[in-house]
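Since the structure comes first, as structure tokens, the remarks are kept for the end.
Every chain is numbered from 1, with letters handed out A, B, ... down the list of sequences. Everything quoted here is computed from the prediction, not taken from an experiment.
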Number of protein chains: 2
Amino acid sequence: MDELVDHIRALISEGGLKVGDSLPTEKELCERFGAGRNTVREAMRMLKTYGVVKVRPKIGAVIIDERMARAFDLFSFNTLEVSRETFVDIQGFRSLLEVASFETLFDKVTARDIADLHQVNRELLNAKTAVDASEVDFRFHTRLVAVMGNKAILDVYKIMKPVIMKIMLKAKTLHTFSTVTYAEHAEIVDTLERRDRTAYQYKMKSHLDAGFRHFVD
Amino acid sequence: MDELVDHIRALISEGGLKVGDSLPTEKELCERFGAGRNTVREAMRMLKTYGVVKVRPKIGAVIIDERMARAFDLFSFNTLEVSRETFVDIQGFRSLLEVASFETLFDKVTARDIADLHQVNRELLNAKTAVDASEVDFRFHTRLVAVMGNKAILDVYKIMKPVIMKIMLKAKTLHTFSTVTYAEHAEIVDTLERRDRTAYQYKMKSHLDAGFRHFVD
DNA sequence: CACCCTTATTGTTGGACAAATAAAGGATAA
DNA sequence: TTATCCTTTATTTGTCCAACAATAAGGGTG
């Protein structure tokens with residue numbers, strides 16, 4: 001089965017197929033790889049959930065690239081309780097991306113970045129619900145990570161959104177967001193603007209830890 | 001179909017099922033939702049590729065949470081034609097994961113880690129081809145990242161493997177691997193063992209930059 | 001151009017058998 | 001008797017096949 005998926009993937013990459021191109025029909029795939037139609041269908045179902053192909057009746061399978069969207073889907077179903085280990089790992093990852101990255105951050109940050117960060121942070125005061133506030137909170141941190149100008153890092157950060165938002169929501173009330181969180185963000189942006197390495201690391205680390213401390217229970 | 005997936009997801013969340021619990025058998029799901037077995041199987045296949053369930057014959061479907069690993073599987077496709085920006089971004093990411101992470105590394109590193117790193121590095125001397133050597137090279141760096149004990153970070157690093165290996169291969173010959181690379185690795189492990197922060201950062205940064213410098217053309 | 005018909009392809013169902021494996025039962029030895 | 005190992009059995013998933021429904025492109029007709 002996994003072998004069949006690999007075959008089809010090889011068909012795509014080695015065949016030089018690009019987004020928009022069509023794959024052979026199910027029947028042809030059956031013949032080419034000597035598999036039953038159900039097996040081929042399950043393989044295609046996997047590629048479909050990966051966001052690599054789009055299948056429609058009569059049309060067939062067309063190559064797409066919606067993997068990023070699928071990655072979000074993955075974590076959007078909160079039906080599953082995120083394991084404690086995952087939480088700890090994600091928080092450690094954030095610490096690396098937002099605290100340990102300070103050299104790059106300080107190197108790349110511009111006045112525009114500072115202004116944007118302040119503005120996003122101000123939106124925290126207008127949030128009507130805790131969920132709204134956590135959305136803004138996440139936008140703030142995303143904007144900070146974006147300062148580095150590294151798309152790979154930014155994509156990874158965005159994928160972690162659902163888990164990060166759970167951490168935020170678990171730790172804070174609407175009131176906390178508009179007071180404590182707002183003030184901490186403001187301080188962080190200030191240290192960034194002043195290029196104060198020590199203060200930045202201290203403030204950001206405290207900020208992340210604070211959000212996480214309540215969660216440990 | 002998507003409806004059926006939603007049903008099963010509801011079954012998990014509303015049934016309060018947790019990681020380790022079992023789902024009903026395919027037959028039961030067919031009866032409960034009035035669907036054919038192949039349809040149920042395709043729905044389960046989706047959940048499987050999401051990393052939410054693990055299915056084994058006779059055992060049935062058990063709930064797991066490997067979504068993080070799956071999310072990064074998504075990007076193991078299409079390593080063809082990596083753009084220059086991607087290369088630069090990945091290299092920046094590596095710098096974050098391997099250099100800027102030194103605090104965590106120094107905090108977590110054990111004698112076992114040091115021994116493993118030395119052993120992997122020694123394998124570099126036995127490599128027969130440049131491709132073999134780059135495999136070992138990647139294993140060395142993976143083992144280093146693994147020291148942090150963070151599964152999310154390790155998963156991300158593994159995804160970047162195809163791109164990282166391209167960088168390694170482009171920069172080095174078999175001879176370079178067994179002389180320069182081997183020596184640099186050994187030095188890095190030594191600084192890690194001595195907990196020499198300054199030297200570690202300098203050596204590792206130089207090592208990564210050296211591998212990348214030849215690539216910029 | 002609008003409409004209908006044909007036809008090819010995917011979507012779903014049911015049934016059959018193979019493969020895997022947990023559970024039950026039986027044989028053997030201490 | 002008890003424990004251990006092996007065999008058998010039963011259940012569940014894995015794969016295949018055949019049939020029909022649903023969908024939509026393409027062609028023919030007015």
Task: Arg45(B) CZ to dG11(C) P, straight-line distance once rounded to whole Å - done: 16 Å

Open item on the list: If you assign Lys58(B) and Met1(B) each to the DNA chain C nucleotide with the nearest heavy atom, which residue ends up on the more 5' nucleotide?
Closed with: Met1(B)

Open item on the list: Suppose we screen for side chain to side chain donor-acceptor pair (under 3.5 Å). Which residues come up paired with Arg195(B), at least two apart in sequence or across chains?
Closed with: none

TODO: Could I get the full list of side chain to side chain donor-acceptor pair (under 3.5 Å) partners for Thr191(B), not counting sequence neighbours?
DONE: none

Open item on the list: Let's see if you get this right: which residues in residues 29-43 of chain B place a heavy atom under 4.0 Å from DNA chain D?
Closed with: Arg37(B), Asn38(B), Arg41(B)

- [ ] Figure out the CG/P separation between Leu23(B) and dT12(D), and round it to whole Å.
- [x] 14 Å

Open item on the list: If I take atom CE in residue Met44(B) and atom C1' in nucleotide dG14(D), what distance separates them, rounded to the nearest angstrom?
Closed with: 14 Å

- [ ] Would you check if the distance from the ring center of Phe106(B) to the ring center of Tyr200(B) is below 6.0 Å?
- [x] yes

Task: Ring-ring centroid check Phe140(B) Tyr182(B), cutoff 6.0 Å - done: no

- [ ] Please tell me which of the listed nucleotides, dT12(C), dG14(D), dG11(C), lies nearest to the side chain of Lys48(B)?
- [x] dG14(D)

Open item on the list: I need the CE-C1' distance between Met46(B) and dG11(C), as an integer number of Å.
Closed with: 14 Å

Task: All side chain to side chain donor-acceptor pair (under 3.5 Å) counterparts of Asp137(A), not counting sequence neighbours - done: His141(A), Lys172(A), His185(A)

Task: Selected nucleotide, minimal atom distance to Val55(A) side chain, candidates dT12(C), dT15(D), dT10(C) - done: dT10(C)

- [ ] Could you check how far NZ of Lys27(A) sits from C1' of dC16(D), rounded to whole Å?
- [x] 17 Å

TODO: May I have the distance from Ile59(A) (atom CD1) to dA22(D) (atom P), rounded to whole angstrom?
DONE: 18 Å

TODO: Could you check how far NZ of Lys54(A) sits from P of dA24(D), rounded to whole Å?
DONE: 11 Å

Open item on the list: Measuring from the side chain of Glu26(A) (C-beta onward, heavy atoms only), which nucleotide among dA24(D), dG11(C), dA10(D) has the closest atom?
Closed with: dG11(C)

Task: Residues forming a side chain to side chain donor-acceptor pair (under 3.5 Å) with Lys48(A), sequence neighbours excluded - done: none

Open item on the list: I need the full list of side chain to side chain donor-acceptor pair (under 3.5 Å) pairs touching residues 51-61 of chain B, with sequence neighbours left out, sorted by first then second residue.
Closed with: none

